[in-house]
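Supplied in structure tokens, the structure appears directly below.
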Amino acid sequence: MRAKIANLGCTIASLSVPGKDGKLADVVLGFDSVEPYLVRNRSSAALWGRVANRIKEGKFTLDGVEYSLPINKPPSSGHKGFDKVIWEVADYKKGENPSITFKCHSHDGEEGYQGDIAVTATYTLTSSTTMRLDMEAVPENKATPISLAQHAYWNLAETQPNAPILNHSIQIWANHITPVDQNTIPTGEIMPVKGTAFDFTTEKKIGTSIHEVPGLGYDHNYVLDCGEEKSGLKHAAKLKDPSSSRVLDLWTNAPRVQFYTGNYVNGVVGKGDTAYGKHSGVCLETQGFPNAFNQPKFPSVVVRPGEKYKHSKD
């Protein structure tokens, strides 16, 4: 396995893994040059923050103070997140388990958020077939929301990136999702998936029930509540491609995963001048609950001085 990581946005520029024939192939959608990564592009495999996913109308209240964030696509917030930051390389190790650590500093008032925070992200090849990401953030002077996410688009097929991911099969260890409104903002309900198109508690093809999902496809928060645990991580999902026999097995300490089927990827020119179309890739973004501030039933994403945000996935 070979990983290439860019300091722009802590982006997975490529991840090459062998298929059943033993040949390496890149399984991450992306671009051949820097310029496309500099725009807010939905096909970027970058690290998103300070709060990934949606905050309704870009507003929240913390400790009695209301904060307003810049809006990108109403009613969601964010203009320049961590995906557009040039991160500093803090450490780089070679050897049997190579790793690279990036760091950045987000200032008080940046993108409307309060408080300074120091952030690190470490990618490690822990075995010949495993990559791990460890993210940490420390608030320095004020309580602030933190919920980071790695936004890679995966396509495990031999014909990647031309083949859509609808023939991939997936299992998600979640008995519940958080339903969304017409703007894909969670309503606050926590709904059982049993007997619905959202049920992936047993393995099935992504395309089997996608036509039953309102809108263009899956873009939903799955509550990780039934997976096996080991070494402090929960089994979140398993993605398989039948044509190449590649498998992505995802473990995390985050409470949920956003399952997104590339519904708005359409005509984006990517690697090798390939036009990425709808459902060209699938995202499995482990993170906190979206719009957690505005839904009292959701776990808080606030981190206070003296505390440390820790988020791992492999």
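Atoms considered below: every heavy atom in the structure, side chains included; atoms not considered: hydrogens, waters and symmetry mates. Since this is a predicted model, take the numbers as computed values, not measurements.
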Checklist entry - Should Thr201 and Asn175 count as side-chain neighbours, where that means a heavy-atom distance under 4.5 Å? => result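 Side chain of Thr201 against side chain of Asn175, heavy atoms only: contact under 4.5 Å found.
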Checklist entry - What do the steps show when you test Asn167 against Ile165 for side-chain contact (heavy atoms from CB on, under 4.5 Å), and what is the final call? => result CA-CA 5 Å; Asn167 282 329; Ile165 45 76; over 6 Å; no
Checklist entry - For the residue pair Ala118 and Glu140, what are the closest heavy atoms and their distance? => result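 Heavy atoms only, the tightest pair is CB-OE2, 3.7 Å.
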Item to check | Closest heavy-atom pair and its distance - Asn155, Pro164 | outcome: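 Shortest heavy-atom separation between Asn155 and Pro164 comes out as ND2-C, 4.5 Å.
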Item to check | Close side-chain approach of Thr187 and Val180, heavy atoms under 4.5 Å | outcome: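 No; the side chains remain at least 4.5 Å from each other.
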Checklist entry - So Ser280 and Leu29, side-chain contact (heavy atoms from CB on, under 4.5 Å) or not? Walk me through it. => result CA-CA 8 Å; Ser280 284; Leu29 272 61; 3.9 Å; yes
Checklist entry - Short question: side chain of Arg304, backbone of Lys142 - any donor-acceptor pair under 3.5 Å? => result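 Checked: no pair found.
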Next on the checklist: So does Gly30 get a backbone contact from the side chain of Tyr276, meaning a donor-acceptor N/O pair under 3.5 Å?
Outcome noted: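 It does hold such a pair.
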Checklist entry - What's in the same ILVMFWY side-chain cluster as Val223, cut-off under 4.5 Å, chained through other members? => result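 So far as hydrophobic clustering goes, Val223 is joined with Ile190, Phe289, Phe298.
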Checklist entry - If you measure only the distance, is there a donor-acceptor pair under 3.5 Å linking the side chains of His105 and Glu88? => result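 No, no side-chain donor-acceptor contact under 3.5 Å.
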Checklist entry - Do the side chains of Ile172 and Val247 join up, straight or via other hydrophobic residues, at under 4.5 Å, putting them in one cluster? => result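 Different clusters: Ile172 never reaches Val247 through Ile, Leu, Val, Met, Phe, Trp or Tyr contacts under 4.5 Å.
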Checklist entry - In Å, rounded to the nearest 0.5 Å, how long is the span from NZ of Lys59 to CG of Asn291? => result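 If I round to the nearest 0.5 Å, the distance is 13.0 Å.
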Checklist entry - So which heavy atom on Pro186 is nearest to which on Gln295, and how close? => result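 Closest approach of Pro186 to Gln295, heavy atoms only: O-NE2, 3.4 Å.
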Next on the checklist: Surrounding NZ of Lys204 (heavy atoms of other residues, nucleotides or ligands, distance under 6.0 Å), is the total greater than 12?
Outcome noted: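 Yes, because the 6.0 Å sphere around NZ of Lys204 holds more than 12 heavy atoms from other groups.
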Checklist entry - With a cut-off of under 6.0 Å to the ring centre and 45° to the axis, is Lys103 in cation-pi contact with Trp87? => result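 Geometry flag: not set, cation outside 6.0 Å or 45°.
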Checklist entry - Val89 and Leu133: same hydrophobic cluster, using ILVMFWY side-chain contacts below 4.5 Å? => result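 Looking at the clustering, Leu133 is in the same group as Val89.
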Next on the checklist: Can you pull out every side chain to side chain donor-acceptor pair (under 3.5 Å) where at least one residue sits in residues 7-23? Sequence neighbours excluded, please.
Outcome noted: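 Qualifying pairs, neighbours excluded: none.
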Next on the checklist: Just so I know, are the side chains of Val268 and Asn266 near enough to count as touching, which here means a heavy-atom distance under 4.5 Å?
Outcome noted: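 In short, these two side chains do not touch, never coming nearer than 4.5 Å.
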Next on the checklist: As an exercise, state the distance from OG1 of Thr126 to CE of Met1, rounded to the nearest 0.5 Å.
Outcome noted: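 Thr126 atom OG1 to Met1 atom CE measures 7.0 Å (nearest 0.5 Å).
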Checklist entry - Between Trp173 and Leu248, is there a shared hydrophobic cluster once you connect ILVMFWY residues whose side-chain heavy atoms come closer than 4.5 Å? => result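 No; Leu248 is not reachable from Trp173 via cluster members.
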Checklist entry - Can you say whether the rings of Phe102 and Tyr123 are parallel (under 30°), tilted (30 to 60°) or perpendicular (over 60°)? => result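 Phe102 vs Tyr123 ring planes: perpendicular.
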Item to check | Worked verdict on Gln258 versus Asp219 for side chain to side chain donor-acceptor pair (under 3.5 Å) | outcome: CA-CA 7 Å; Gln258 188 81 11; Asp219 191 5; 3.0 Å; yes
Next on the checklist: Before you tell me yes or no, could you show the steps for Glu203 and Lys240 under salt bridge (charged side-chain N to carboxylate O under 4.0 Å, His left out), namely the whole-Å CA-CA distance, both residues' side-chain angles and the distance that decides it to 0.1 Å?
Outcome noted: CA-CA 9 Å; Glu203 180 183 326; Lys240 296 181 180 180; 3.2 Å; yes
Checklist entry - So, do Leu224 and Val257 sit near enough that their side-chain heavy atoms are less than 4.5 Å apart? => result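 Heavy-atom side-chain distance check passes, below 4.5 Å.
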Checklist entry - Just by modelled atom types, is the Thr124 backbone N or O under 3.5 Å from a matching donor or acceptor in the Arg132 side chain? => result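 Judged by distance alone, no pair lies under 3.5 Å.
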Checklist entry - Going by heavy atoms in the side chains, are Tyr67 and Thr61 under 4.5 Å from each other? => result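 No, too far: nothing below the 4.5 Å cut-off.
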Checklist entry - Roughly how far apart are Tyr260 OH and His151 NE2, rounded to 0.5 Å? => result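 Between Tyr260 OH and His151 NE2, I get 7.0 Å after rounding to 0.5 Å.
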Checklist entry - With distance as the sole criterion, is a donor-acceptor pair present between the side chains of Gln114 and Asp108 under 3.5 Å? => result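 Side-chain D/A pair, Gln114 to Asp108: absent.
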Item to check | Parallel, tilted or perpendicular, as decided by the 30° and 60° cut-offs, for the rings of Tyr218 and His220 | outcome: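 If you compare the ring of His220 with that of Tyr218, the planes turn out perpendicular.
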Item to check | Short side-chain to backbone donor-acceptor contact, Asp134 and Ser312, under 3.5 Å | outcome: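 No: the side chain of Asp134 does not pair with the backbone of Ser312.
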Checklist entry - Is the shortest distance from a Lys or Arg side-chain nitrogen in Glu136 or Lys308 to a carboxylate oxygen in the other one below 4.0 Å? => result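 Looking at Lys308 together with Glu136, the answer is yes, because their closest N to O distance falls below 4.0 Å.
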Item to check | Heavy-atom neighbours of Glu96 CD exceed 12 at 6.0 Å | outcome: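 Not more than 12 within 6.0 Å, no.
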Item to check | Pair Ser147, Gln287: side-chain N/O donor-acceptor within cut-off below 3.5 Å | outcome: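 No, Gln287 and Ser147 have no side-chain donor paired with an acceptor closer than 3.5 Å.
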Next on the checklist: Can a donor-acceptor pair be found, under 3.5 Å and without considering hydrogens, that links the side chain of His311 to the backbone of Met135?
Outcome noted: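 No, because the side chain of His311 does not come within donor-acceptor range (under 3.5 Å) of the backbone of Met135.
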Item to check | Criterion side-chain contact (heavy atoms from CB on, under 4.5 Å) on Val138 and Ile117, from CA distance to verdict | outcome: CA-CA 5 Å; Val138 177; Ile117 65 171; over 6 Å; no
Item to check | Carboxylate-amine/guanidinium contact Glu111 Lys80, below 4.0 Å | outcome: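 Salt bridge: no.
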Item to check | Test item: Ser209 side-chain N/O and Glu212 main-chain N/O as donor-acceptor pair under 3.5 Å | outcome: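 Not confirmed, Ser209 side chain does not pair with Glu212 backbone.
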Checklist entry - With distance as the sole test, does Gln171 use its side chain to make a donor-acceptor pair with the main-chain N or O of Phe200 at under 3.5 Å? => result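 Not a single qualifying donor-acceptor pair exists.
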Next on the checklist: Check this for me, if you would: do Arg2 and Asp26 make a salt bridge, where the nitrogen-to-carboxylate-oxygen distance has to be below 4.0 angstrom?
Outcome noted: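 Salt bridge between Arg2 and Asp26, a charged N being under 4.0 Å from a carboxylate O: no.
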Item to check | Point-to-point distance, once rounded to the nearest 0.5 Å, from CD1 of Ile210 to NZ of Lys205 | outcome: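 Output value for this atom pair is 13.5 Å.
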Next on the checklist: Side chains of Met191 and Thr178, heavy atoms from C-beta outward: is any pair under 4.5 Å?
Outcome noted: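 No, too far: nothing below the 4.5 Å cut-off.
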Checklist entry - Would you say Cys10 and Phe82 make side-chain contact, with heavy atoms under 4.5 Å? => result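 Result no, sub-4.5 Å side-chain heavy-atom pair not found.
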Checklist entry - Is there a donor-acceptor pair under 3.5 Å between the side chain of Tyr222 and the backbone N or O of Phe198? => result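 Judged by distance alone, yes, a pair lies under 3.5 Å.
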Checklist entry - Are the side chains of Gln150 and Ile12 in touch, meaning some heavy atoms are under 4.5 Å apart? => result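 Yes, close enough: below the 4.5 Å cut-off.
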Checklist entry - Is there a donor-acceptor contact under 3.5 Å linking the side chains of Ser244 and Asp241? => result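 A donor-acceptor contact under 3.5 Å links the two side chains.
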Checklist entry - Quick one: does Asp83's side chain have a donor or acceptor within less than 3.5 Å of a partner on Ala46's backbone? => result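 Such a contact is absent between Asp83 side chain and Ala46 backbone.
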Checklist entry - About how many Å separate CD of Glu285 and CG of Asn221, when rounded to the nearest 0.5 Å? => result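 The distance works out to 10.5 Å.
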Next on the checklist: I'd like to know if Phe259 and Leu156 are part of one continuous hydrophobic network [Ile/Leu/Val/Met/Phe/Trp/Tyr, side-chain heavy atoms within less than 4.5 Å].
Outcome noted: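 In one cluster: yes.
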Checklist entry - Distance-only, no hydrogens or angles: does the Arg256 side chain make a donor-acceptor pair with backbone N or O of Gly288 under 3.5 Å? => result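 Side chain of Arg256 to backbone of Gly288, a donor-acceptor pair under 3.5 Å: yes, one is there.
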Item to check | Arg246 CZ to His168 NE2 distance, which is reported to the nearest 0.5 Å | outcome: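 Going from CZ on Arg246 over to NE2 on His168, the span is 9.0 Å.
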Item to check | Step-by-step side-chain contact (heavy atoms from CB on, under 4.5 Å) determination, Phe60 to Leu69 | outcome: CA-CA 9 Å; Phe60 65 90; Leu69 312 177; 3.9 Å; yes
